[in-house]
Amino acid sequence: MKPRRMVGYAKITEEPALMSEQTAASSANAESRASEETSAPETSAEEIFEQKLVRLEKRDRLNEAGDLAGGAYPVAVPVTATIPAVRAKWGHLEAGAESGETVGIAGRVVFQRNTGKLCFGTLQAGNGERIQVMVSLAEVGEESLAAYKELVDLGDHLFVSGEVISSRRGELSIMAREWQIAAKAIAPLPNMYADLNEETRVRQRYLDLIQREQARRNVVTRARTMASLRQTFADHDFIEVETPMLQTMHGGASARPFVTHSNAFDTELFLRIAPELYLKRAVVGGLERVFEINRNFRNEGADSTHSPEFAMLESYQTYTDYNGIADLTQELIQNAALAANVGTEREGTHTVEWADGTLFDLGGEWERISMYGTLSEAAGREITPGTSVDELQKLADAEGVEVHLPNHGKLVEELWEHFVKDGLTRPTFVMDFPVETSPLTRHHRSIPGVVEKWDLYVRGFELATGYSELVDPVVQRERFVEQAAQGAKGDVEAMGVDEEFLRALEHGMPPSGGMGMGMDRLLMTLTGLGIRETILFPLVK
RNA sequence: GCCCCUAUAGCUCAGCGGUAGAGCUACGGACUUUUAAUCCGCAGGUCGCAGGUUCGAUCCCUGCUGGGGGCACCA
C-alpha cells in the first residue's frame with residue numbers, strides 16, 4: 001500500500017509541467033484525453049490519480065483566474081467569526097429567520113448538496129463543529145455560482161461571507177454574498193461516514209482528526225491532562241525542568257537503551273531511559289520540589305501498552321517519603337480526571353468514561369495495601385521477607401506459577417501477581433516490595449528485607465511507582481558496582497557506575513520522596529484506550 | 001524472538017482455481033431549501049511484493065514487506 005503511494009507521488013512531482021499542459025488543453029474533453037493516455041504509457045500517473053489530476057487542474061484554473069476566486073492558496077481570507085462562535089450566537093434562530101448580520105467564516109467542506117441554482121455545503125471547523133453554507137444564484141449571480149460548482153470539492157477549505165440565516169428546515173446557515181477557496185485540497189477527502197482502517201488512522205492521523213470525533217477528543221483530553229498536572233504541581237510550589245535526552249551514560253531504570261553517535265564528540269550516546277539521575281542532581285542543588293514531563297526511549301518490545309518512546313512524568317520532593325508522594329500522586333491523577341471531565345455530564349466528578357462506555361471511579365482515598373500482607377491473606381499462609389526460597393518455590397509449583405531465575409523477591413512478586421493483582425479494580429497503592437527486585441531503593445525504615453517502594457495499580461497495570469529515595473552515596477555506589485558487574489556478565493539492561501551522579505550525591509541530598517508515572521498510561525486510564533490511540537503520532541514503520 | 005490473522009478502486013469493504021464487485025468519492029447531465037440531498041449516465045484495479053504448483057492464480061503453496069492480535073520481556 002505505502003510503496004505504491006510513494007511511487008505515484010514521485011511521478012506527480014516529476015511531471016508538473018506535462019500535467020498542467022495536458023489538463024489545461026483537454027479540460028473539456030475527458031474522453032480524448034483518456035485515449036491519449038492509453039497511447040502514452042509514460043503518463044500512466046493519471047490512471048492511478050484521476051481524482052488528484054482533476055483537482056490539480058482546478059488548482060491551476062484558480063491560480064490563473066486571479067480574482068475569480070483569489071487563487072487556490074490565498075495568503076489570507078477575511079474571516080470575521082469562527083464556526084463555533086457563529087453557532088453559539090445564532091444557534092437558536094428559528095427556521096426561515098434572517099439575522100440581518102453578515103459574517104465571514106471558513107472551514108473544510110465535508111458535505112456538498114448542489115442543485116441547479118442553489119448549492120449547500122457543510123463546513124467543518126477544526127474542533128468538528130459544522131455549519132451550512134448556501135450559495136444561491138439570486139445572491140451571487142450566474143458566473144460565481146457556476147465557478148462554485150466547478151471549483152469547490154469535498155475537502156477544500158472554503159471562505160464564505162454572507163448573512164447568518166436559518167434555512168426553511170431550520171438549519172443554521174450562511175447565505176453567501178461572496179465565497180473564496182481558502183485552500184485547495186489536491187488529495188480527495190476520505191469517506192466521511194465509515195471509519196478509516198486502523199493503519200490509516202495512525203499513519204494519517206490528520207485524516208482521523210478530520211473524520212472522527214473520538215480522535216479529536218483524545219487530543220483535547222491529553223492536552224487538558226498535561227495542563228492539569230502542571231497546575232497541580234504549581235499549586236504545590238514545584239518547578240518544572242528539562243534534563244538531557246542525549247546522555248553519555250544511561251541510568252535511572254532497568255531498560256535497554258537506544259544507542260546513537262555524536263560526530264562532534266566522536267562518541268556513543270544513549271537516548272535516555274529515565275530522567276531520574278539528573279532530577280536528583282537538581283534536588284542536590286536545592287530544587288526542593290521538581291518535576292519533568294518529557295519523553296523516554298526504551299529499546300524494547302512494543303504492544304498495546306508499550307511504545308518505544310513514551311512520555312513520562314517524574315517528580316521529587318524533599319522532606320517527604322513514599323507516603324507523602326503517594327498523597328501527591330493521588331491528587332495529581334484525581335485533578336486530571338476532573339480536567340478530563342470538564343464539559344461532560346460528569347463535570348465536577350472523578351468518574352471518567354472509557355471509550356467502551358465503562359464508567360471508572362477515580363475518586364476517594366485510594367487503598368494502600370502491603371504486598372506481603374495481601375499475599376499472605378490470599379495464599380492462606382504467612383509469607384514474610386524471611387520465608388525461604390524453597391517454601392516459595394513449592395507454593396509457586398503448586399499454583400502453576402513459573403518464575404524465571406527464581407529468588408525470594410521474584411517469587412514473592414510473581415506470587416503476588418498471581419494471587420492478588422487481578423482482583424484489584426480500584427486504584428491501589430501496593431506498598432513495600434522485596435529488596436531483591438528493587439536494588440536501587442532505600443531499605444524500609446523498620447521492616448528488614450523490604451524497600452520503601454509502592455506501585456500504583458489501575459486497570460491491572462502499573463500506572464505509577466513511588467519511593468523513599470536512596471540518598472546515601474556509599475550505598476548508591478555499591479549498587480552501581482553490582483549493576484556494572486551484571487552488565488559485564490551481559491545484562492543489557494544494567495547501568496554503569498555514574499561517577500558524576502555519585503559526586504553530586506556526595507554533596508548531600510535531603511530525604512526525599514520520588515515518583516514516576518507514564519503519561520500515556522495515565523491517558524489510557526482516563527480514556528480506556530490503547531496506547532496507540534493516546535499518542536497523536538505513534539511510531540510506525 | 002515465537003504463534004495466529006490480515007493486505008482487493010481515492011475511502012470503507014464483498015468476492016472467487018477460469019484476468020474482479022458494491023456503497024461513497026470522481027467524471028458527464030437534471031434540479032433554488034438540501035442534511036451522507038436525489039435522479040439519470042459513465043469511468044476507475046499489476047487483487048502488497050517475489051517465486052512456485054497449475055492448461056490457467058487475485059484465490060492454493062513458499063518467502064519477503066507492512067498492519068492487527070496473542071505469548072515472552074518490559075513502564
Side-chain angles (χ1 to χ4, degrees), chain A residues 1-5 7-8 27-31 33-34 37 44 46-55 57-58 95-96 110-122 130-139 145 149-150 153-155 165-173 175 185-204 207 211 253-256 273-274 296-308 310-314 402 404 455-457 461-465 492-493 516-522 524 530-532 540-541:
Chain A
M1 187 191 282
K2 189 184 164 201
R4 224 182 66 211
R5 231 174 234 146
V7 168
S27 63
N29 196 336
E31 278 171 31
R33 180 177 52 186
E37 291 311 321
S44 65
E46 178 175 17
E47 284 171 17
I48 304 171
F49 292 98
E50 179 203 346
Q51 294 189 38
K52 191 178 280 185
L53 281 175
V54 168
R55 286 156 179 260
E57 182 200 326
K58 293 179 183 180
V110 292
F111 297 117
Q112 292 211 91
R113 300 169 296 280
N114 292 350
T115 72
K117 291 166 185 156
L118 177 62
C119 297
F120 299 89
T122 303
R130 295 172 178 172
I131 196 163
Q132 175 166 279
V133 295
M134 298 165 70
V135 181
S136 163
L137 176 66
E139 290 289 326
L145 181 71
K149 287 206 269 189
E150 280 173 29
D153 288 312
L154 290 176
I165 65 163
S166 177
S167 74
R168 281 182 205 165
R169 299 277 177 89
E171 184 71 36
L172 182 64
S173 308
M175 176 58 84
I186 295 309
L189 187 70
N191 196 330
M192 285 294 282
Y193 38 87
D195 284 352
L196 297 166
N197 70 41
E198 191 155 344
E199 185 177 358
T200 311
R201 275 194 221 170
V202 169
R203 283 193 191 277
Q204 293 176 271
L207 295 180
Q211 201 200 39
S254 290
R256 195 165 180 172
I273 55 175
N296 286 344
F297 306 86
R298 298 192 183 176
N299 207 342
E300 290 165 354
D303 61 27
S304 65
T305 57
H306 296 85
S307 175
F310 61 101
M312 181 90 176
L313 160 65
E314 272 199 28
E402 282 184 38
H404 198 59
D455 274 354
L456 174 61
Y457 278 88
F461 60 71
E462 251 182 273
L463 174 56
T465 181
V492 291
E493 294 184 353
M517 174 160 44
M519 293 293 89
D520 309 303
R521 291 189 164 193
L522 176 58
M524 290 162 67
I531 197 164
R532 287 162 68 84
V540 280
K541 256 172 137 182

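In what follows, every chain begins at residue 1, and chains take the letters A, B, ... in the order their sequences are listed.
- In this structure, U19(B) shows a glycosidic angle within 90 degrees of zero, which is the syn conformation.
- Closest approach of Asp195(A) and Gln211(A) over heavy atoms only: CA-OE1, 3.7 Å.
- Across all strands shown, Phe310(A) has heavy atoms under 4.0 Å from base atoms, whether or not it also approaches the sugar-phosphate.
- In this structure, Met517(A) reaches neither bases nor backbone, as no heavy-atom distance under 4.0 Å exists between it and the strands shown.
- Across all strands, Ser307(A) comes closer than 4.0 Å to base atoms (heavy-atom distances).
- The C1' atoms of G18(B) and A37(B) are separated by 42 Å, rounded to the nearest whole Å.
- Across all strands shown, Ala253(A) has no heavy atoms under 4.0 Å from either base or sugar-phosphate atoms.
- U58(B) and C73(B) are spaced 39 Å apart, taking the C1' atom of each and rounding to whole Å.
- Glu462(A) comes within 4.0 angstrom of sugar-phosphate atoms only, judged by non-hydrogen atoms across all strands, and of no base.
- Contacts of Gln132(A) with the nucleic acid, taken as non-hydrogen atoms under 4.0 Å apart, include base atoms.
- Residue contacts for Asn114(A): at a heavy-atom cut-off of 4.0 Å it reaches a base atom on one of the strands shown.
- A donor-acceptor contact shorter than 3.5 Å links the side chain of Asp520(A) to the backbone of Ala311(A).
- One C1' atom belongs to U33(B), the other to U38(B), and the distance between them is 13 Å to the nearest Å.
- When the P atom is used for both A72(B) and G15(B), the distance is 34 Å, rounded to whole Å.
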